[in-house]
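Heads up: numbering here begins at 1 and tracks the sequence. Everything quoted here is computed from the prediction, not taken from an experiment. In what follows, every heavy atom counts, from backbone to side chain, and hydrogens, waters and symmetry copies are set aside.
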Amino acid sequence: MRMNDTLLPLLPSLVALVEEESVSQAAKRVGISQPRMSARLASLRVVLDDPLLVAAAGRRGLVATDRARAIADAARGALADLDAA
């Protein structure tokens, strides 16, 4: 996956979504409304061609896909590097 101008500003939201496994909790963490985070999730799904968060089997809530977890892991490092620069 190549970084592009569309993906970079969405990375903090992706990390929050994967870590929280909740659109509402990720929105609170990032400081935006739940509808805005839902829109970001929709954009991320298109850009990354992956559902990213799916309904949890056998329980309430969402779980991150393996691809979402891998991208979020890489994004954490990239965002930390950008913060340090």
Side-chain angles (χ1 to χ4, degrees):
M1 172 187 61
R2 266 186 68 156
M3 182 69 64
N4 64 43
D5 294 340
T6 304
L7 181 57
L8 184 59
L10 297 173
L11 288 179
S13 295
L14 174 63
V15 171
L17 285 161
V18 168
E19 290 178 356
E20 299 292 338
E21 292 188 328
S22 163
V23 175
S24 297
Q25 291 303 314
K28 285 181 188 176
R29 179 170 153 180
V30 174
I32 61 173
S33 68
Q34 187 275 332
R36 190 164 177 200
M37 182 59 78
S38 290
R40 288 185 182 183
L41 176 56
S43 295
L44 283 160
R45 285 174 166 159
V46 170
V47 170
L48 297 172
D49 192 30
D50 187 86
L52 304 175
L53 293 174
V54 295
R59 69 174 174 90
R60 189 173 176 203
L62 302 170
V63 293
T65 64
D66 290 341
R67 183 155 188 246
R69 289 182 193 285
I71 294 168
D73 287 345
R76 278 185 210 93
L79 292 169
D81 290 346
L82 287 172
D83 264 352

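Taking CE of Met37 as the reference point, atom CD of Gln34 lies at 9.5 Å (rounded to 0.5 Å). Separating the CG atom in Leu8 from the CG atom in Leu82 is a distance of 6.5 Å, to the nearest 0.5 Å. Taking OG of Ser13 as the start and CD1 of Ile32 as the end, the distance is 5.0 Å to the nearest 0.5 Å. In this structure, the separation between CG on Leu11 and CD1 on Ile71 is 9.0 Å, given to the nearest 0.5 Å. Distance CG/Leu17 to OG/Ser38: 8.5 Å, rounded to 0.5 Å. The CG atom of Leu41 sits 10.0 Å away from atom CG of Leu10, with the distance rounded to the nearest 0.5 Å.
Residues Val63 and Ala56 share a closest heavy-atom pair of CG1-CB, 3.9 Å. When all heavy atoms are compared, the tightest approach of Glu21 to Ala64 is OE2-N, 2.9 Å. Taking both residues in full, the closest heavy atoms of Ala27 and Ser33 are given as CB-O, 3.6 Å, listed atom of the first, atom of the second, then distance.
With hydrogens and angles disregarded, a donor-acceptor distance shorter than 3.5 Å links the side chain of Arg45 to the backbone of Pro51.
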Requested in this report: Any chance you could lay out the side chain to side chain contact (heavy atoms under 4.5 Å, CB included) test for Leu7 and Leu48, step after step, and finish with the verdict?
Outcome: CA-CA 8 Å; Leu7 181 57; Leu48 297 172; 4.0 Å; yes
Query raised in the report: Where do Arg36 and Val23 land on the side chain to side chain contact (heavy atoms under 4.5 Å, CB included) test, with the steps shown first?
Result: CA-CA 10 Å; Arg36 190 164 177 200; Val23 175; over 6 Å; no
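Between Val54 and Leu62, every side-chain heavy-atom pair lies at or beyond the 4.5 Å cut-off. Contact check for Leu79 versus Pro12: side-chain heavy atoms found under the 4.5 Å cut-off.
Between Glu20 and Lys28, no side-chain nitrogen of the basic residue sits less than 4.0 Å from a carboxylate oxygen of the acidic one, so the salt-bridge criterion is not met. Electrostatic pairing of Glu19 and Arg69 does not count as a salt bridge here, judged by no charged N lying under 4.0 Å from a carboxylate O.
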